[in-house]
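Note sheet for the following structure.
Whatever order the structure lists ligands and atoms in, that order sets their numbers, starting from 1.
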Amino acid sequence: MSWEENVRKVVPYTPGEQPKINNIIKLNTNECPYPPAPSVKRAMDSFEYETLRLYPDPNSGSLISALSDYYNVPSDQIFVGVGSDDVLSMAFLTFFNSDKPILFPDITYSFYDVWADLYKIPYKQIPLDEDFRIKKEDYYIENGGVIFPNPNAPTGLVEDLDMVEDILQNNNEVVVIVDEAYIDFGGKSALPLIDKYENLLVVQTFSKSRAMAGMRIGFAFGSKKLIGYLNDAKFSFNSYTMNRPSLELGAATLADKEYFNETCSRIIATRERVKPLLAELGFVFPDSSSNFIFAKHKTVSGKKIFEELRSRGIIVRRWDLPRISEYLRITIGTDEQMDTLISALKEIV
Ligand code: PMP
């Protein structure tokens, strides 16, 4: 027997490319095209580097307290992690511990099946309908837990809170996770439902709408009991997940509500301006409520457009997966970047 037989083997998640070249238009990982809030810059400038000598607060007190004030949720109902990927990974480990399969859409965030494989959680991928909508009735079957993003990624489609609540009502014996990475760009957060459903975990991030992907800050809201279980798992895994700069700069971003609202509005305005331009060029796409558009062309192949854009220094995201191989996921950049994209697409198609 070889030592390799006992190795935990996984096919890892492939993150979007972070190219080293300059002068590219990077529309492939749903980052914010604008800088973080000025309050973050100020906090960075006054950060005391000597404090890096000391471990950070294992309870992430300052960040949790800032989130608590901002969202008006008690501190013991908030959990933070190294990006929402860390929060979600910890939630999979903590809450999905049944022999029955967990359920998530067939077209969704492609990290879910990776975590399920890593933790040996059985799962069932539920097909979206032909318009890429979640069919709530499909989630009434027996299962070990439910997770879906709202808005969904990479489709960009948002479901209303009635649908989210219907799924909760039909799944009161398992944990239901709503991944709201893109909620600030459209739709209603399920946050108010955490008081009504003890089994609901709502996960959000500073990576997209707060332009802090490089800082790695994610957070979750849930019942006191749910957050308690998450903390037990976290403290059995790594006590010091959040470093000192994250705790300070994360709290600082929440201080500038005006800048946040302005940035989100700009991205939404650009998205709405680009939609008819793409349609004119022969693209079809679900009506996105997020900071990206998931589009395919009526005649030209996704692979060709992807490569042609790339040769012009414009990078978007594409998956060679069933049902979506013709689609490109295009992050909403600045107006100028989107104009360059539209000109390039005009030449290509
Ligand atoms: N959920 C969804 C649906 C995402 O698209 C992403 C971004 N890749 C994440 C979670 C994780 O984002 P982060 O770890 O940067 O918070």
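- Taking a cut-off of under 4.0 Å to the non-hydrogen atoms of Lys208, the atoms of ligand 1 that pass are 6 (C), 7 (C), 8 (N).
- The six-membered or imidazole ring of Phe285 lies away from that of Phe294, with a centre-to-centre distance of 6.0 Å or more.
- Taking the six-membered ring for Trp and the full ring otherwise, the centers of Tyr55 and Tyr240 sit less than 6.0 Å from each other.
- With distances taken over non-hydrogen atoms, the option nearest atom 2 (C) of ligand 1 out of Val87, Asp179, Asn152 is Asp179.
- Distances between N or O atoms of Tyr109 and those of ligand 1 include at least one value under 3.5 Å.
- Remark: Glu308 pairs with Arg312 by the side chain to side chain donor-acceptor pair (under 3.5 Å) rule, at least two apart or across chains.
- Remark: ligand 1 atoms within the under-4.0 Å shell around heavy atoms of Arg216 are 13 (P), 14 (O), 15 (O).
- By the neighbour-count criterion of 12 heavy atoms within 6.0 Å, atom CG of Asn72 is sparsely surrounded, having that number or fewer from other residues, nucleotides or ligands.
- Within ligand 1, the atoms closer than 4.0 Å to a non-hydrogen atom of Gly83 are 14 (O), 16 (O), numbered from 1 in the order shown.
- Near Ser207, the atoms of ligand 1 lying under 4.0 angstrom from a non-hydrogen atom of the residue are 13 (P), 15 (O), 16 (O).
- For the pair Lys275 and Glu272, the salt-bridge criterion is met [side-chain N within less than 4.0 Å of a carboxylate O].
- Classification of Glu31 and Lys26 as a salt-bridged pair holds, one side-chain N sitting under 4.0 Å from a carboxylate O.
- Between Tyr13 and ligand 1, no N or O atom pair is found at a separation short of 3.5 Å.
- When ring centroids are compared, Tyr112 and Phe96 stay outside the 6.0 Å threshold.
- Residue-ligand proximity: Phe206 is placed with every non-hydrogen atom at 4.0 Å or more from ligand 1.
- The closest protein non-hydrogen atom to atom 12 (O) of ligand 1 is Ser84 OG, 3.3 Å.
- The protein atom (non-hydrogen) at minimum distance from atom 11 (C) of ligand 1 is Asp85 OD1, 3.1 Å.
- By the 4.0 Å N-to-carboxylate-O rule, Glu17 lies close enough to Arg310 to be salt-bridged with it.
- When the options Leu88, Ile217, Thr205 are ranked by their closest heavy atom to atom 16 (O) of ligand 1, first place goes to Thr205.
- Closest to atom 4 (C) of ligand 1 by heavy atom, among Phe292, Phe111, Tyr182, is Tyr182.
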